[in-house]
Amino acid sequence: MRIAANKSGNLAEWRDWQTPTLGDGDGGGDTTPPTAPSGLAASGTTSTGTSLSWTAATDDTGVSGYDVLRATGASGGTFAQVGTSATTSYADTGLTPATTYRYQVRARDAAGNTSPVSGTVQVTTQPGSGGGGCTAVPAVQTQWSTGYVVQPLTITNTGTSAMNGWTVTFTLPAGHQLAGSWNGTTTVSGQTVTIRNVAHNGALAPGASTGSVGFQVNRPSGDTAFPSGYTCA
């Protein structure tokens, strides 16, 4: 306790406990990082891409997203961030055929805290088609005021050697949402849809096609637009 004089000259007590102090939680913000994601796995690997999935991390205030890290080679090299995801999956594209890559994932919370990295998953992309290529041609099977079905989405090997996998991408018009798909592994990023082969329809001989792939889309009532920009690799 301290004694001080007020403006009138009277003595008054000034108690130390009257001095405000900041508690541990005041102004300190969230400093607890999320747990590390688990169960990182890869699937649908083609010559130029792969699909990653993992089990969600946990956090005291909630996970806001994930960073995807990649290193080239079966060992060595440096992991660098190649993308982010707001969900527990990520499609990595633009890879080099017949090349080994390693992946890790870490979680972020709204305060910017990052988790330890997940375990590592390793993939090796398939060999290129050797001067080949492919096309993806859609056919609208049916449509209604608020949606449509594309069936088949015909993928054809236009090269001179066999294909061991394919990846099709296309763009949905604004306001359109993918409602479902079949006979392909599908990922969506914004309005871009990527469909990769599954086990039974990835191998195509030169000139061969698969017509088993299809998808359904919901759209605003009265909108008559369809997806565009189909590419196949």
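In plain terms, the two heavy atoms of Cys232 and Val168 that are nearest each other are SG-CG2, 4.1 Å. Scanning both residues, Ala36 and Ala57, for their nearest heavy atoms gives C-CB, 4.3 Å. Taking each heavy atom of Trp166 and Ile195 in turn, the nearest pair found is CZ3-O, 3.5 Å. Across Ala71 and Gly76, no two heavy atoms sit closer than the pair CB-O, 4.5 Å. Among all heavy-atom pairs drawn from Leu172 and Tyr148, the shortest one is CD2-OH, 4.3 Å. Shown here for Gly159 and Pro206, the closest heavy-atom pair between the two residues is O-CB, 3.4 Å.
Leu40 and Leu69 end up in different hydrophobic clusters when Ile, Leu, Val, Met, Phe, Trp and Tyr side chains are linked at under 4.5 Å.
Counted by atom type alone, Asn197 and Asn201 present zero donor-acceptor pairs between their side chains at under 3.5 Å. Counted by atom type alone, Thr158 and Thr156 present zero donor-acceptor pairs between their side chains at under 3.5 Å. Side-chain atoms of Asp92 and Tyr103 form a donor-acceptor pair, as typed in the model, at a separation below 3.5 Å. No hydrogens or angles considered: nothing links the side chains of Thr194 and Thr169 as a donor-acceptor pair under 3.5 Å. Using a 3.5 Å distance cut-off with no hydrogens or angles, the side chains of Gln104 and Ser118 do not pair a donor with an acceptor.
Going from atom OG1 of Thr61 over to atom CG of Asn113 covers 7.5 Å, rounded to the nearest 0.5 Å. How far CZ of Arg196 is from OG1 of Thr167: 4.5 Å, rounded to the nearest 0.5 Å. In this structure, the separation between CD on Gln216 and CD on Gln143 is 12.5 Å, given to the nearest 0.5 Å. One distance of note links CZ of Phe226 with CZ of Arg219; it measures 5.0 Å at 0.5 Å rounding. Rounding to the nearest 0.5 Å gives a distance of 9.0 Å between CE of Met163 and CD1 of Ile155. To the nearest 0.5 Å, the span separating CG on Asp223 from CG on Asn218 amounts to 12.0 Å.
With hydrogens and angles ignored, the 3.5 Å screen pairs a side-chain donor or acceptor of Asn157 with a backbone N or O of Leu204. Distance alone, capped at 3.5 Å, places no donor-acceptor pair between the Asp59 side chain and the Asp109 backbone. For the pair Thr46 (side chain) and Gly49 (backbone), a donor-acceptor distance under 3.5 Å is present. Panel note: side chain Gln151, backbone Gly211; a donor-acceptor pair is recorded below 3.5 Å.
In this structure, Tyr90 has its ring center at least 6.0 angstrom away from the ring center of Tyr66.
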